[in-house]
Q: 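This is the structure I have questions about; it appears just below.
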Amino acid sequence: MAKTISVIGAGSIGVSSALHLQQRGWQVTLIDRREPGQETSYGNAGIINSGSSIPLNNPGIHKSLPTYLKNKSPQLRYNIKHLIQNLPWAIQFLQNSKTTQALKSTAALNELTSRSLVEHKAFMQNAGNMHRLKELGWLRLFRSGNSYNPDSFEAQNHKLYGIPGSVLSADEIHDLEPSLKPIYESGYLLEGAASINNPGALVKEYAQKFVSDGGNLLQTNIKSLSVDGNHIECLTDNGPHTCEKLVIAAGPWSNDLLAMLNYRVPLNVERGYHMHFNLPEDTVLNRPLHDVQRGFIMCPMEMGVRVTSGVELNNRDAPPNYAQLEQVKPFIKEAIKLGDATNDPIWMGRRPTLPDSKPVIGQAPKHSNVFMAFGHQHIGLMTGPITGRLIAEQISGESNDIDMSAFAPERYVRFEGRRKPIWQM
Ligand SMILES: Cc1cc2nc3c(=O)[nH]c(=O)nc-3n(C[C@H](O)[C@H](O)[C@H](O)COP(=O)(O)OP(=O)(O)OC[C@H]3O[C@@H](n4cnc5c(N)ncnc54)[C@H](O)[C@@H]3O)c2cc1C
């Protein structure tokens, strides 16, 4: 009889987990209230870069803190009430930016990012969507008054992990991207980086492959979860769904699902936005670019040019605040000739982030049949397939070739015991 398992969340992480489990002979049910790849995994910048192992909370953040505290920066803004309510998270996040901790997080994340491209390529070959991938690198660009700093924490770690890159002059930038206006005095090309021309479609196509190979896709909302020995019951909008094993891969909503099993986890979100512009016929953008000083990323996509914003620390469910996107709009026009915004709505997403910027990948502390894979902050599109492999290997009793203690749920996931009914308190 086939081994059965359910996965909650059909984003990059859940779809990848479902595919890897399926490849290992599991009969998998993938559950999401939306179509696959329509939440955080839809609207990101689509970059796959082994050098993205450097967490945002690295020693470099200390220099920028006085600017960030003014709360006017396109790179990082915060809602003060949210920050106060989440002070323990904010303090731990900053503590993890100290050199020793940041080096540890970088080393662990490098195990994921360095395997991302090869794992995606294997999925793309199976799903027949290799055309979504471009391997032309990722540009970091500097206007006057700044340039690539070879002594930065990031640069030093890129050197340590052999991340290929080269410093560019203004002329070299022009050779790579002739449509850019001559405002950038220098740049840095992350040569090994790749990009995806439609991240949402990529994940959706992976899910279609999962279904065509016999996987079961269930579009419904999970309202509650309970575990009784080997029996897991998910109460959905369409009635109960039972399974023997479960993977929680619900991105920024994973803490809600874990709370149903009486786990607490300090999962916060770094909100981010995107909008799409048409490019005039005489203008081409070949690869993603990051305007370091002005704090935006611009990437060529199937649907036009996608501009993504920096980080907003705010409540996951608070209404969108488009201030950072509004702030960068004039700067984008300084960089390239843009057409109008497309008809696509401005998008808001929530990067799920734990205080040490590492995801949780592994077995639930108190339930041997519940597994979790979430908290992939800025790198969850690229690290989906490798995360899927690691969790599927664990569940299937195979050994991982990565030290998984760095991603152990026990770091943050606390079991608070079964709550007594109110009449027993
Ligand atoms: C602006 C921005 C730019 C980014 N750029 C990049 C980048 O260039 N490269 C990169 O690798 N990453 C990038 N990221 C990060 C990346 O998008 C995320 O880390 C990743 O998408 C997280 O994937 P996930 O599968 O964990 O979550 P999601 O994609 O959010 O999937 C979780 C799923 O769970 C489902 N779900 C939740 N609760 C329930 C429930 N109760 N019942 C049923 N279903 C439920 C949701 O509907 C959702 O589909 C960026 C993020 C942002 C915001």
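Worth saying up front: this structure is predicted, and the values here are computed from it rather than measured. Numbering of ligands and ligand atoms starts at 1, following listing order. In what follows, every heavy atom counts, from backbone to side chain, and hydrogens, waters and symmetry copies are set aside.
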Q: Between Tyr42 and His274, is the ring centroid distance below 6.0 Å?
A: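 Yes.
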Q: Got a donor-acceptor contact below 3.5 angstrom from the Thr113 side chain to the Ser52 backbone?
A: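 Pair absent, no side-chain N/O of Thr113 close to backbone of Ser52.
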Q: Does the N or O separation between Met382 and ligand 1 drop below 3.5 Å for any pair?
A: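 N/O-N/O distance below 3.5 Å exists for this pair.
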Q: At what distance is the nearest protein heavy atom to atom 30 (O) of ligand 1, and which residue and atom is it?
A: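 Answer for atom 30 (O) of ligand 1: Thr40 OG1, 2.5 Å.
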Q: I need the nearest protein heavy-atom contact for atom 42 (N) of ligand 1: residue, atom name and distance, please.
A: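 Ranking protein heavy atoms by distance from atom 42 (N) of ligand 1, first comes Ile222 N, 2.9 Å.
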Q: Starting from atom 19 (O) of ligand 1, locate the nearest protein heavy atom and write down its residue, its atom name and how far away it is, to 0.1 Å.
A: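 Heavy-atom neighbour on the protein nearest atom 19 (O) of ligand 1: Gln377 O, 2.8 Å.
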Q: Got the closest protein heavy atom to atom 4 (C) of ligand 1, with its distance?
A: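 In this structure, atom 4 (C) of ligand 1 has Asn44 CB, 3.1 Å as its nearest protein heavy atom.
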Q: Is a salt bridge present between Glu302 and Arg132, judged by a nitrogen-to-oxygen distance below 4.0 Å?
A: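 Answer for the salt bridge query: yes.
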Q: For ligand 1, which atoms sit closer than 4.0 Å to a heavy atom of Glu39?
A: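 The atoms of ligand 1 under 4.0 Å from a heavy atom of Glu39 are 30 (O), 46 (C), 47 (O), 48 (C), 49 (O).
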Q: Would you sort out whether Arg143 and Asp291 count as a side-chain contact (heavy atoms from CB on, under 4.5 Å), showing the intermediate values?
A: CA-CA 8 Å; Arg143 301 177 184 220; Asp291 186 318; 2.7 Å; yes
Q: Report yes if Pro352 has an N/O atom closer than 3.5 Å to an N/O atom of ligand 1; otherwise report no.
A: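 No, since none of the N or O atoms of Pro352 sits under 3.5 Å from an N or O of ligand 1.
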Q: What's the shortest distance from atom 21 (O) of ligand 1 to any protein heavy atom, and which residue and atom give it?
A: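 Going atom by atom, the protein heavy atom closest to atom 21 (O) of ligand 1 ends up being Ser41 OG, 2.9 Å.
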Q: Where do Tyr206 and His120 land on the side chain to side chain donor-acceptor pair (under 3.5 Å) test, with the steps shown first?
A: CA-CA 10 Å; Tyr206 288 168; His120 263 292; 2.9 Å; yes
Q: For the residue pair Tyr263 and His367, categorise the inter-ring angle as parallel (less than 30°), tilted (30 to 60°) or perpendicular (more than 60°).
A: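 Taking His367 first and then Tyr263, their aromatic rings stand perpendicular (interplane angle over 60°).
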Q: Are Thr220 and ligand 1 in contact, using a heavy-atom cut-off of under 4.0 Å?
A: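 It does, in that a heavy atom of Thr220 comes within the 4.0 Å cut-off of ligand 1.
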Q: Just distances here: any N/O of Leu381 and N/O of ligand 1 closer than 3.5 Å?
A: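 Between Leu381 and ligand 1, an N or O pair is found under 3.5 Å apart.
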Q: Which protein heavy atom lies closest to atom 48 (C) of ligand 1, and at what distance to 0.1 Å?
A: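 The answer is Asp32 OD2, 3.2 Å.
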Q: Take a 6.0 Å sphere around CG of Asp237 and say whether it holds more than 12 heavy atoms from other residues, nucleotides or ligands.
A: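 It does: Asp237 CG has more than 12 such atoms within range.
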Q: Between Arg287 and Glu177, does at least one N-O distance fall below 4.0 Å, as a salt bridge requires?
A: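 Result for this pair is yes, salt bridge flagged.
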Q: Answer yes or no: does atom NZ of Lys181 have more than 12 heavy-atom neighbours from other residues, nucleotides or ligands under 6.0 Å?
A: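 Enclosed.
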Q: Under 4.0 Å, counting heavy atoms only: does Arg351 come that close to any atom of ligand 1?
A: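 Under 4.0 Å: yes for Arg351.
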Q: Going by heavy atoms, is His378 under 4.0 Å from ligand 1?
A: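 Heavy atoms of His378 do come under 4.0 Å of ligand 1.
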Q: Out of all atoms in ligand 1, which are within 4.0 Å of some heavy atom of Ser12? Include the element for each.
A: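 Answer for ligand 1: 25 (O).
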Q: Indicate yes or no: does an N/O atom of Ala45 lie under 3.5 Å from an N/O atom of ligand 1?
A: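 Checking ligand 1 against Ala45, an N or O pair does fall under 3.5 Å apart.
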Q: Taking both backbone and side-chain atoms of Ile13, is any N or O found less than 3.5 Å from an N or O belonging to ligand 1?
A: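 Ile13 vs ligand 1: N/O contact under 3.5 Å present.
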Q: Do any nitrogen or oxygen atoms of Ile8 lie less than 3.5 angstrom from nitrogen or oxygen atoms of ligand 1?
A: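 Between Ile8 and ligand 1 (N or O atoms, distance only) the closest approach is not under 3.5 Å.
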Q: Considering non-hydrogen atoms of the protein only, which is the closest contact for atom 31 (O) of ligand 1, and what is the distance?
A: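 Going by distance alone, atom 31 (O) of ligand 1 is nearest to Gly11 CA, 3.5 Å.
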Q: Does Glu119 use its side chain to pair, donor to acceptor, with the backbone of Met382 at less than 3.5 Å?
A: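 Here the side-chain-to-backbone pair does not exist.
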Q: What's the shortest distance from atom 8 (O) of ligand 1 to any protein heavy atom, and which residue and atom give it?
A: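 It is Ile47 N, 2.9 Å.
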Q: Would you mind listing which atoms of ligand 1 come within a distance below 4.0 Å of any non-hydrogen atom of Pro252?
A: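 So the answer, numbered in order with elements, is 30 (O).
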Q: Check the surroundings of atom CG in Asn238: do more than 12 heavy atoms from other residues, nucleotides or ligands lie under 6.0 Å from it?
A: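 Yes, the 6.0 Å shell around CG holds more than 12 heavy atoms from other groups.
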Q: Check Lys358, Glu270, Gln377, His378 against Thr353 for a side chain to side chain donor-acceptor pair (under 3.5 Å) and give me the one that passes.
A: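 Result for side chain to side chain donor-acceptor pair (under 3.5 Å) with Thr353: Glu270.
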Q: Polar contacts were defined as any N/O atom of the residue lying under 3.5 Å from an N/O atom of the ligand; does this apply to Arg33 and ligand 1?
A: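 Between Arg33 and ligand 1 (N or O atoms, distance only) the closest approach is under 3.5 Å.
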Q: Got a donor-acceptor contact below 3.5 angstrom from the Arg306 side chain to the Ile297 backbone?
A: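 No.
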